[in-house]
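For reference, the structure discussed in these notes is given below.
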Amino acid sequence: MSLKDVIDKGDKVLLYCNGKKFLVSVEPGRVLHTHIGMINLDEIIGKRYGDLITTHIGERVYLLRPNLADYVLNVKRRTQIVYPKDIGIILLLGRVGPGSIVVEGGSGSGALTGVLAYMVRPNGKVFSYEVREEFLKLAKRNVEKLGVSDYVIFKHKDITKGIDERNIDTIILDIAAPWLVVEHAAKALKGGGYFISLSPTVDQVEKTVGELRKYNFIDISVLETFVRYWKIKEGESRPLTFMVGHTEFIVFARKVFEIEG
Ligand SMILES: C[S@@+](CC[C@H](N)C(=O)[O-])C[C@H]1O[C@@H](n2cnc3c(N)ncnc32)[C@H](O)[C@@H]1O
C-alpha cells in the first residue's frame with residue numbers, strides 16, 4: 001500500500017459512492033463500468049486521496065486510500081479466507097508486530113499472509129507453508145499486489161510433517177487438522193511464543209486443546225468474534241438485519257519450557 005498523497009498509475013484506490021466501495025488498480029486507459037455509471041480511470045491519475053470525481057452520469061465518487069480490510073475482502077480467493085474481524089484479534093493477542101517472526105500454515109489465498117507481512121515490516125518475516133501448489137501461486141500473487149513480498153518466504157510443504165524454523169514468535173494455523181502441528185509448534189516456538197489456530201467446528205477445537213494440554217502450553221483460551229454494524233438515524237437506530245455469523249473458533253496458547261505438576 002502506497003503512502004503517497006497523489007494518485008499515480010498502478011496505485012490501488014477505493015472508490016466510494018453512497019456506502020458502496022470498489023477497489024481498483026489505476027490502469028491508464030481503463031474504463032470501469034459500475035451501476036452508477038462509467039468511470040474513466042485516466043481521470044484519477046494526479047488526483048489526491050480524498051478528492052471527488054463524477055461518473056459519466058454525474059454520480060459523485062470519492063477517492064480513498066484502501067485499508068487492510070479492503071485488501072483482505074478483495075483478494076482473488078479460491079479458498080475460505082480469514083475475515084478482518086478475526087485477523088484483528090489474532091494480531092493483538094498473538095503479539096504480531098514489527099520484527100515478529102511468524103510461521104503460518106496454510107497460505108490459502110494469502111489474505112492473512114498479506115496482513116501478517118504488512119505488520120512484521122521492516123525487519124520481521126513470515127514463513128508460510130502450503131501443500132497445494134495452485135494456492136501457493138495464488139497467495140504469492142495476492143501478497144505481491146499488496147507490495148509486501150519481501151517479508152514472506154513461501155514453502156511448498158506439509159506443516160503437519162514438521163516446522164523447519166526455530167525461535168518463532170507466533171505460529172498461526174488455518175488448516176483442517178491443527179492438532180497435528182502442536183508437537184512441532186512446541187519445538188519451534190520460543191519461550192512464551194504464541195500458538196494460534198482457527199477451526200470452523202468445535203470437535204477440531206477439542207482435539208487441538210487436548211494436544212496443547214499434552215505439551216508445554218499454558219494460557220489456553222478459545223474465542224469467537226462477532227461484529228454487528230448499526231444503522232444510525234434519529235429514532236430508528238438499530239443493528240443491521242444481516243451480519244457475518246460464524247466464521248472460526250480461534251484457539252490461543254503460549255509455550256513454556258516446563259510445566260509443573
Ligand atoms: C482455509 S485455507 C487458508 C486461508 C488463508 N488463511 C487465507 O486467509 O487466505 C487452508 C489452506 O491450508 C492448506 N493446507 C491444509 N493442510 C495443510 C498442511 N498440512 N500444510 C500446509 N498447508 C495445508 C490448504 O491447501 C488451504 O490452502
Side-chain angles (χ1 to χ4, degrees), residues 23 66-94 96 100 102-120 125-149 151-165 168 170-189 194-205 207-208 211 223-225 227 244-252:
L23 182 66
N67 62 27
L68 286 172
D70 298 317
Y71 162 76
V72 168
L73 295 174
N74 284 282
V75 292
K76 188 173 161 44
R77 61 173 102 160
R78 291 190 47 218
T79 65
Q80 185 55 265
I81 59 161
V82 185
Y83 272 71
K85 72 181 182 73
D86 294 326
I87 295 181
I89 200 146
I90 287 171
L91 298 176
L92 201 65
L93 298 187
V96 177
S100 294
V102 179
V103 164
E104 180 195 31
S107 322
S109 304
L112 177 61
T113 322
V115 178
L116 293 172
Y118 189 87
M119 289 298 166
V120 303
K125 218 44 148 203
V126 179
F127 296 89
S128 187
Y129 288 63
E130 173 57 58
V131 273
R132 291 184 52 181
E133 206 164 350
E134 71 271 32
F135 296 149
L136 203 61
K137 279 189 192 144
L138 175 66
K140 272 184 191 169
R141 272 205 306 278
N142 282 328
V143 167
E144 249 165 50
K145 281 189 198 154
L146 188 61
V148 291
S149 297
Y151 308 96
V152 184
I153 294 177
F154 283 102
K155 307 182 86 158
H156 187 202
K157 277 192 158 177
D158 180 346
I159 198 164
T160 66
K161 301 271 191 281
I163 295 172
D164 305 326
E165 296 72 30
I168 300 302
T170 307
I171 294 180
I172 307 172
L173 303 166
D174 185 12
I175 60 172
W179 58 91
L180 298 178
V181 185
V182 170
E183 188 178 353
H184 308 309
K187 289 183 195 140
L189 282 168
Y194 294 83
F195 173 99
I196 302 172
S197 66
L198 298 111
S199 298
T201 67
V202 83
D203 58 304
Q204 293 168 298
V205 172
K207 285 182 185 153
T208 306
E211 282 302 291
L223 59 81
E224 284 179 89
T225 68
V227 171
V244 175
H246 179 60
T247 51
E248 315 261 3
F249 298 107
I250 314 178
V251 178
F252 294 88

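When a ligand or atom number is given, it counts from 1 through the structure's own listing order. Every heavy atom of this structure was used, including side-chain atoms; hydrogens, water molecules and symmetry mates were not. Model, not experiment: these values are computed from the prediction.
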**Asked** How many angstroms lie between OG in Ser199 and CZ in Phe249, if you round to the nearest 0.5 Å?
**Response** 9.0 Å
**Item:** Contact atoms of ligand 1, heavy-atom distance to Ile175 under 4.0 Å
**Value:** 12 (O), 14 (N), 15 (C), 16 (N), 17 (C), 23 (C)
**Message:** Show the atoms of ligand 1 that are less than 4.0 angstrom away from any heavy atom in Lys157.
**Reply:** 20 (N), 21 (C)
**Request:** Enumerate the atoms of ligand 1 whose separation from the nearest heavy atom of Ser109 is less than 4.0 angstrom.
**Result:** 9 (O)
Between side-chain atoms of residues 172-189 and protein atoms elsewhere (two or more places apart, or another chain), which donor-acceptor pairs fall under 3.5 Å?
| from | atom 1 | to | atom 2 | distance (Å) |
| --- | --- | --- | --- | --- |
| Glu183 | OE1 | Tyr215 | OH | 3.2 |
| His184 | NE2 | Thr160 | O | 2.7 |

**Taking every non-hydrogen atom, the tightest pair across Arg78 and Ser109** = N-OG, 3.2 Å
**Check against side chain to side chain contact (heavy atoms under 4.5 Å, CB included), Ile250 and Ile196** = CA-CA 7 Å; Ile250 314 178; Ile196 302 172; 3.7 Å; yes
**Prompt:** Can you find an N or O of Leu112 that's nearer than 3.5 Å to an N or O of ligand 1?
**Reply:** yes
**Asked** Hey, looking at atom 24 (C) of ligand 1, which of Glu130, Arg132, Gln80 has the closest heavy atom?
**Response** Glu130
**Request:** For the pair Glu130 (side chain) and Ser107 (backbone), establish whether a donor and an acceptor sit closer than 3.5 Å, ignoring hydrogens and angles.
**Result:** yes
**Asked** Which atom pair, heavy atoms only, marks the closest approach of Phe154 to Val143?
**Response** CZ-CG2, 3.9 Å
**Asked** Tell me, which protein residue and heavy-atom name are nearest atom 20 (N) of ligand 1, and how many Å apart are they?
**Response** Ile159 N, 3.0 Å
**Asked** Counting heavy atoms only, which of Asp86, Asp174, Val75, Leu180 is nearest atom 10 (C) of ligand 1?
**Response** Asp174
**Message:** Please work out, at 4.0 Å between heavy atoms, whether the side chain, the backbone, both, or neither of Thr79 comes within that distance of ligand 1.
**Reply:** side chain
**Prompt:** Considering the options Lys125, Lys157, Lys155, which one meets the salt bridge (Lys or Arg N to Asp or Glu O under 4.0 Å) requirement together with Glu165?
**Reply:** Lys155
**Message:** Going by the closest heavy atom to atom 7 (C) of ligand 1, which one wins out of Ala139, Gly106, Ala111, Ser128?
**Reply:** Ala111
**Message:** Main chain of Asn67, side chain of Asp70: is a donor-acceptor contact present, judged purely on distance under 3.5 Å?
**Reply:** yes
**Request:** Distance to 0.1 Å, residue and atom name: give those for the protein heavy atom nearest to atom 22 (N) of ligand 1.
**Result:** Val131 N, 3.3 Å
**Request:** Determine, stepwise, if the pair Ile163 / Tyr129 fulfils side chain to side chain contact (heavy atoms under 4.5 Å, CB included).
**Result:** CA-CA 9 Å; Ile163 295 172; Tyr129 288 63; 3.9 Å; yes
**Item:** Residue and atom name of the nearest protein heavy atom (relative to atom 19 (N) of ligand 1), distance in Å to one decimal
**Value:** Asp158 OD1, 2.7 Å
**Request:** Determine whether the side chain, the backbone, both or neither of Arg77 has a heavy atom under 4.0 Å from any heavy atom of ligand 1.
**Result:** neither
**Message:** If you take the nearest heavy atom of each of Ala176, Ala177, Gly114, Ser107, which one is closest to atom 5 (C) of ligand 1?
**Reply:** Ser107
**Message:** Check contact between Gly110 and ligand 1, using heavy atoms of the residue and a distance below 4.0 angstrom.
**Reply:** yes
